[in-house]
Amino acid sequence: MPFPGTVLITGTTSGVGLHATSALVQQGWTVITANRSPQRAAAAADALDLPPERLKHVLMDLGDLDSVRQAVDSLPGKVDALVCNAAVYKPKLKRPERSPQGYEISMATNHFGHFLLVQLLMNRLGASSHPSRRVVILGTVTANSKELGGKIPIPAPADLGDLSGFEAGFREPVSMASGKRFKPGKAYKDSKLCNMITTQELHRRFNPDTGISFTSLYPGCVADTPLFRNTPRAFRKIFPWFQKNITGGYVSQPLAGERVAQVVADPEFAESGVHWSWGNRQTKNGQQFSQELSDKVTDSQTAERVWDLTMQLVGLGVKE
């Protein structure tokens with residue numbers, strides 16, 4: 001039985017984050033939920049009959065770096081593990097939506113906000129004596145070109161280009177990592193690619209000295225998650241059917257949440273630097289395995305540049 005601890009999970013008002021919260025609470029963990037609406041998070045937990053004494057709800061808007069800082073300053077007590085789950089996906093945008101700091105909203109929320117959160121929690125994680133000191137970041141198949149989903153060219157594969165968007169400060173008129181024309185679906189993919197790059201770089205920089213495990217995962221295709229609420233209505237009907245009946249890749253929200261909980265708490269998932277995935281009903285019998293990552297994720301020179309530029313953009317680095 002895993003040893004219970006305290007984990008902070010972002011994005012728990014619905015979907016994978018909510019069910020990961022449920023799975024960990026049932027194992028005895030205390031969960032700090034971080035959301036734009038603590039009231040919605042509490043209501044969602046109540047709907048699943050989760051014991052309130054195991055939950056602490058904090059206000060955190062990942063798209064606003066000031067909100068992330070304020071939330072961390074107000075956090076109660078220790079943090080043994082962190083799950084970076086929250087994400088925005090707005091494929092119907094015609095023009096980029098901006099964060100309070102002026103950054104394109106997908107990159108601001110999915111990458112910059114979580115990157116800053118990890119940095120601000122490193123001292124707490126390092127001070128923990130829990131055997132499962134872990135940082136877990138949700139990745140996606142569409143950001144890994146070693147997998148079929150990452151090779152689909154619609155709207156375009158995940159690709160950070162020459163990072164000129166980062167170099168230029170990512171504010172108006174820049175909206176993409178590459179500095180090229182705005183494509184909302186690709187903006188999401190690029191932000192998740194940054195998440196996976198960050199996991200690998202955290203592992204390289206901190207695991208040997210701290211013993212903290214840094215991993216990412218793709219829990220399967222949760223085709224009916226609220227992440228897709230901003231997609232066309234027809235897509236929301238066809239996509240789950242396609243994943244259930246054609247690809248076999250469909251995973252329910254509760255099962256995806258259980259898989260996230262495993263990566264947080266199960267000793268089998270303690271190895272750092274791994275991107276965890278699971279076979280579908282047609283392959284590997286649904287068992288976990290370490291997924292090979294593309295060169296776009298593992299290239300050390302790119303990772304160092306993404307790291308240094310992100311440090312500057314979230315206000316932790318010094319411009320040269």
Side-chain angles (χ1 to χ4, degrees), residues 9-11 15-17 20 62-63 82-91 93 96-97 99 103-118 135-161 163 165-166 170 175-178 182-203 214-223 225-231 239 249 251 256 259-260 263 274-277 291-299 302-303 306-307 309-310 313:
I9 305 178
T10 66
V16 177
L62 269 297
L82 169 64
V83 177
C84 298
N85 165 74
V88 297
Y89 175 48
K90 298 187 174 185
L93 288 178
E97 184 180 325
S99 74
Y103 303 134
E104 186 276 321
I105 198 64
S106 298
M107 190 65 75
T109 303
N110 305 346
H111 174 51
F112 294 154
H114 279 128
F115 184 96
L116 177 61
L117 178 60
V118 174
V135 173
V136 178
I137 302 180
L138 274 286
T140 177
V141 66
T142 60
N144 182 20
S145 59
K146 286 290 185 179
E147 302 181 74
L148 177 61
K151 298 175 182 178
I152 297 174
I154 302 172
D159 185 358
L160 305 181
L163 296 176
F166 278 83
F170 231 106
S175 57
M176 301 293 287
S178 64
F182 177 61
K183 295 181 179 180
K186 184 178 185 299
Y188 170 79
K189 291 182 181 181
D190 289 353
S191 71
K192 298 306 289 182
L193 174 57
C194 288
N195 284 159
M196 295 162 74
I197 289 172
T198 297
T199 305
Q200 295 298 307
E201 191 65 6
L202 283 165
H203 164 69
F214 301 95
T215 57
S216 55
L217 78 149
Y218 174 63
C221 186
V222 193
T225 175
L227 176 67
F228 299 114
R229 61 183 172 270
N230 294 308
T231 59
F239 189 53
V251 171
R259 288 175 173 177
V260 173
V263 178
V274 174
H275 177 67
W276 293 104
S277 190
Q291 172 65 56
E292 183 181 5
L293 293 169
S294 72
D295 292 343
K296 292 178 181 178
V297 178
T298 59
D299 180 72
T302 299
V306 170
W307 180 280
L309 291 167
T310 302
L313 292 170

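Atom CG of Leu163 and atom OG1 of Thr302 lie 6.5 Å apart (nearest 0.5 Å). Ile197 contributes atom CD1, which lies 8.0 Å from atom OG of Ser294 (distance to the nearest 0.5 angstrom). Leu93 contributes atom CG, which lies 7.0 Å from atom OG of Ser106 (distance to the nearest 0.5 angstrom). To the nearest 0.5 Å, atom CG of residue Leu82 and atom OG1 of residue Thr10 are 7.0 Å apart. Taken to the nearest 0.5 Å, the CD1 atom of Ile105 stands 10.0 Å off from the CG atom of Leu62. To the nearest 0.5 angstrom, Asn195 atom CG is 11.0 Å from Asp190 atom CG.
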Report the C-alpha separation of Ser191 and His111 in whole Å, then their side-chain angles, then the decisive distance to 0.1 Å, and conclude whether the side-chain hydrogen bond (donor to acceptor under 3.5 Å, both in side chains) test is met. CA-CA 6 Å; Ser191 71; His111 174 51; over 6 Å; no
Stepwise, does the side chain to side chain contact (heavy atoms under 4.5 Å, CB included) test hold for Cys84 with Val118? CA-CA 9 Å; Cys84 298; Val118 174; 4.0 Å; yes
Between Phe170 and Leu309, does a side chain to side chain contact (heavy atoms under 4.5 Å, CB included) hold up when you go through it step by step? CA-CA 10 Å; Phe170 231 106; Leu309 291 167; over 6 Å; no
Between Val260 and Asn85, does a side chain to side chain contact (heavy atoms under 4.5 Å, CB included) hold up when you go through it step by step? CA-CA 9 Å; Val260 173; Asn85 165 74; 5.8 Å; no
Before giving the answer on side chain to side chain contact (heavy atoms under 4.5 Å, CB included), spell out for Leu160 and Cys194 the whole-Å C-alpha distance, their side-chain angles and the decisive distance to 0.1 Å. CA-CA 8 Å; Leu160 305 181; Cys194 288; 3.9 Å; yes
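Counting heavy atoms from C-beta outward, Val306 and Glu201 have side chains that stay 4.5 Å or more apart. Between Lys186 and Asp159 there is a side-chain heavy-atom pair separated by less than 4.5 Å.
What you find for Asn110 and Val88 is that their closest heavy atoms are OD1-N, 2.9 Å. For the residue pair Leu202 and Ile137, the shortest heavy atom distance occurs at CD1-CD1, 4.4 Å. Minimum heavy-atom separation, Met107 to Ala177: CE-CB, 4.3 Å. Residues Ala158 and Lys296 share a closest heavy-atom pair of O-NZ, 2.9 Å. The shortest heavy-atom contact between Phe112 and Leu313 is CZ-CD1, 3.6 Å. Contact between Pro219 and Leu138 at its shortest, heavy atoms only, is CD-CD1, 3.8 Å.
Under the ring pair (Phe, Tyr, Trp, His ring centres under 6.0 Å) criterion, His114 pairs with no residue at all, not counting sequence neighbours.
Between Tyr89 and Tyr188, the two ring planes are tilted [angle within 30° to 60°].
For the side chain to side chain contact (heavy atoms under 4.5 Å, CB included) criterion with Tyr218, the lone passing option out of Gln291, His275, Arg259 is His275.
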